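The next block holds one structure in the form of structure tokens; read it before the comments.
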Amino acid sequence: MSNNTKELNVKEENRNETQSLNVREAVWNQLTKKEKEHIVGIWKDASVQKITLRETMGNIKDKTFIGKEVYLVDFPSNDNPSLGGVGVYADIKTHRIIGFGYRD
């Protein structure tokens with residue numbers, strides 16, 4: 001692997017990491033005080049992944065994103081462990097919240 005290729009890979013990793021930091025903070029800033037009551041910690045404690053959104057995955061406010069790739073920002077919660085974390089779906093381009101995952 002050439003130095004240029006290694007450098008490009010590092011830049012891509014840094015860009016992806018910065019993007020995930022940005023989406024976590026952007027989503028956090030859109031949550032209501034009541035929604036944040038179920039979250040342990042702050043936006044930095046969330047994990048982010050890209051998923052293909054399905055209608056059965058939660059309360060989706062913007063149905064135009066069904067079947068498309070979106071961010072799933074998962075905030076840890078200290079509610080009943082069977083509920084899991086607080087999952088929030090966000091638009092990849094704008095980081096706008098488009099729905100919430102079901103909590104069993």
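Start at 1 with the first residue, then count along the sequence. Note that the structure is a prediction, hence the values are computed from the model and not measured.
We find the CD-CD distance between Glu69 and Gln49 to be 10.5 Å, quoted to the nearest 0.5 Å. Taken from CD1 in Ile42 to CZ in Arg24, the straight-line distance is 9.0 Å, to the nearest 0.5 Å. For the atom pair CD of Glu37 and CG of Asn78, the computed distance is 11.5 Å after rounding to the nearest 0.5 Å.
The shortest heavy-atom contact between Arg54 and Gly67 is NH1-CA, 3.9 Å. Heavy atoms only, all atoms of each residue included: Val23 and Ala90 are closest at CG2-CB, 4.3 Å.
For Glu35, the side chain to side chain donor-acceptor pair (under 3.5 Å) partners two or more places apart in sequence, or in a different chain, are Thr32. Residues satisfying the side chain to side chain donor-acceptor pair (under 3.5 Å) test with Asp91, not counting sequence neighbours, are Thr94. With sequence neighbours excluded, no residue satisfies salt bridge (charged side-chain N to carboxylate O under 4.0 Å, His left out) with Asp45. Applying the ring-ring contact (aromatic ring centres under 6.0 Å, His included) criterion to Tyr89, with sequence neighbours excluded, gives no partner residue.
One hydrophobic cluster, built from ILVMFWY side chains closer than 4.5 Å, holds both Ile51 and Phe65. Under the 4.5 Å side-chain heavy-atom criterion for Ile, Leu, Val, Met, Phe, Trp and Tyr, Ile97 and Ile39 are members of the same hydrophobic cluster. In this structure, Val48 is not a member of the same hydrophobic cluster as Leu72, with clusters built from ILVMFWY side-chain heavy atoms closer than 4.5 Å.
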Q) Can you list the steps and then say if Lys50 with Ile92 is a side-chain contact (heavy atoms from CB on, under 4.5 Å)? A) CA-CA 8 Å; Lys50 286 183 181 177; Ile92 287 180; 4.1 Å; yes
Q. What do the steps show when you test Val27 against Phe75 for side-chain contact (heavy atoms from CB on, under 4.5 Å), and what is the final call?
A. CA-CA 10 Å; Val27 168; Phe75 294 96; 3.8 Å; yes
Q) What's the verdict on side-chain contact (heavy atoms from CB on, under 4.5 Å) for Val86 and Leu31, showing C-alpha distance, side-chain angles and the deciding distance? A) CA-CA 11 Å; Val86 176; Leu31 295 174; 5.8 Å; no
Q | Check against side-chain contact (heavy atoms from CB on, under 4.5 Å), Thr56 and Tyr102 | A | CA-CA 9 Å; Thr56 58; Tyr102 289 128; 5.6 Å; no
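Residue pairs satisfying the salt bridge (charged side-chain N to carboxylate O under 4.0 Å, His left out) criterion with at least one member in residues 77-90, sequence neighbours excluded, are listed as follows: Asp79-Arg103.
Judged by distance alone, the side chain of Ser77 and the main-chain N or O of His38 form a donor-acceptor pair under 3.5 Å.
Counting heavy atoms from C-beta on, the side chains of Trp28 and Lys44 never come closer than 4.5 Å.
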Distance-only check: which donor-acceptor pairs under 3.5 Å involve side-chain atoms of residues 57-64, not counting sequence neighbours?
| unit_1 | atom_1 | unit_2 | atom_2 | d |
| --- | --- | --- | --- | --- |
| Asp62 | OD1 | Thr64 | N | 3.1 |
| Asp62 | OD1 | Thr64 | OG1 | 2.5 |
| Asp62 | OD2 | Arg96 | NH2 | 3.0 |
| Lys63 | NZ | Ile60 | O | 3.4 |

